[in-house]
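Below is one structure; the comments refer to it alone.
In what follows, every chain begins at residue 1, and chains take the letters A, B, ... in the order their sequences are listed.
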2 protein chains.
Amino acid sequence: MPRQLYELCGADERQVFSPYCWRVRMALRHKGLDFESVPWHFRDKEKLAFSGQPLADAKVPVLVDTDGSVVYDSLAILRHLERTYPERPLIGDALADARLDFICQWVDRQLNMPVFRMIVLDIFNALDAADQQAFRESRERRLGMTLEQFQDTAAGLAQLDQVLAPLRALLQHAPFVDGQAPAAGDYVVFGVFAWARVVSARPLLAADDPLQAWLERMLGLSDGFARQVPAAAEY
Amino acid sequence: MPRQLYELCGADERQVFSPYCWRVRMALRHKGLDFESVPWHFRDKEKLAFSGQPLADAKVPVLVDTDGSVVYDSLAILRHLERTYPERPLIGDALADARLDFICQWVDRQLNMPVFRMIVLDIFNALDAADQQAFRESRERRLGMTLEQFQDTAAGLAQLDQVLAPLRALLQHAPFVDGQAPAAGDYVVFGVFAWARVVSARPLLAADDPLQAWLERMLGLSDGFARQVPAAAEY
């Protein structure tokens, strides 16, 4: 059977934008594995029942591999790929795996939030009407305010600038987060930039930001694989 | 020849407190290697001339290994130890090494600063008179304000609480930063806590902070090796 990746999409189904799905897309390309993208919408919780997740909180990405095995959770999928297709290391040894976990936590708890503040209304606008309602309800409950109150581009940019300091320092002496070649650490960080790129025409980085060169390298991988999904700025 | 580690000390030479020296102390214990601590003061730049560093900015830690090889810079020393004594992995494979670099950058650019704001006057008070002058001049130039203006315990604590979020999340499902057992990632983070512990009686963590259990585990390693250096609170 073909390998399938269930991915969040906007009203336009070419718009795959979830940062967690992007981790997996990039990891699949890293391993040289083809896949079929299955568009999924926030409201379609029951369509993920086969994955075995608690339905009320069911999420993508979900991978259905060629042997029929089903894996959910982006980091679990990366680990599945590393075990099943050991060529071209993506995660590395046990210490590399633990430190990848740290990078994931840093991305989820420090990097995501300022970007979310900058693009929350762009995400809302990218969704179709039924998903807009589900998105607004769940996010406003979590944030304790309206999406419009939460969106604050200037505050997000200022906070992002501070949060990116470790990454800027790292990329001053190495071309990739994971050293001389990209691997899972790069894909986890890139997911956040891909998320913003697909839904928002507002750039996250100044043109002369040292991170811009890394971002261009990431967009150029595998003959520009990531650029096959159009950027919001290109619409 | 005996293995020697040049380490920054306070007026009381038992008070070794540099976070960078602590990375190396812990790494040496990790590898089961004995060493002789050579106390060093900020003002003694020329005593590090043998290490080959630019003198104006000469720093500890400097390691002189049993074969006479001399290494400076904490991460370079960790890599030297891993190459020279490959048993009991400390760094791991190439991907693990790159991600350790990320953790170091995160520690240097996000974790250090709020702690420094909380303990800068404690550091000053731990030094002898000649070092106090050197410390005040260099730090006030760098900070653009007096040490007294920079010290802000409440602001430091609030900022620290935010910065620690990824670490708290990580340590909720693993006993150590580096997974099931401690390694270089733990020692790099622990350095900051050891720094504060030795010079300042003010705790960085609330008693019920989930990080407290990790800190106790770190202090207990190798039969309480780190506790051999007295805490400021114990004076």
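For chain B, the option among D108(A), V163(A), L167(A) with the highest count of heavy-atom pairs below 4.5 Å is V163(A). When the candidates A169(A), G179(A), A183(A) are compared by the number of heavy-atom contacts under 4.5 Å with chain B, A169(A) comes out ahead. Options Q105(B), R99(B), Q110(B), Q180(B) differ in how many heavy-atom pairs under 4.5 Å they form with chain A, and the most are formed by R99(B).
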Can you list the steps and then say if D209(B) with R168(B) is a salt bridge (charged side-chain N to carboxylate O under 4.0 Å, His left out)?
-> CA-CA 9 Å; D209(B) 191 302; R168(B) 283 204 187 95; 2.7 Å; yes
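Residue contact with chain A, scored on non-hydrogen atoms closer than 4.5 Å, involves the backbone of D97(B) exclusively. Contact of A165(A) with chain B is made through backbone and side chain together, with heavy-atom distances under 4.5 Å. If you measure heavy-atom distances from A181(B) to chain A, you find no contacts under 4.5 Å at all. Both the backbone and the side chain of L100(B) come within contact range of chain A, judged by heavy atoms closer than 4.5 Å. The contact between Q162(B) and chain A is made entirely by backbone atoms, counting heavy-atom distances below 4.5 Å.
Just one residue in the list W40(B), F50(B), Y72(B) forms a ring pair (Phe, Tyr, Trp, His ring centres under 6.0 Å) with Y6(B), and that residue is F50(B).
Between F17(A) and W22(A), a ring centre-to-centre spacing not shorter than 6.0 Å is recorded. Between W214(B) and F193(B), the distance from one ring center to the other falls under 6.0 angstrom.
Taking every heavy atom of both residues into account, V192(B) and P19(B) meet most closely at N-CB, 4.0 Å.
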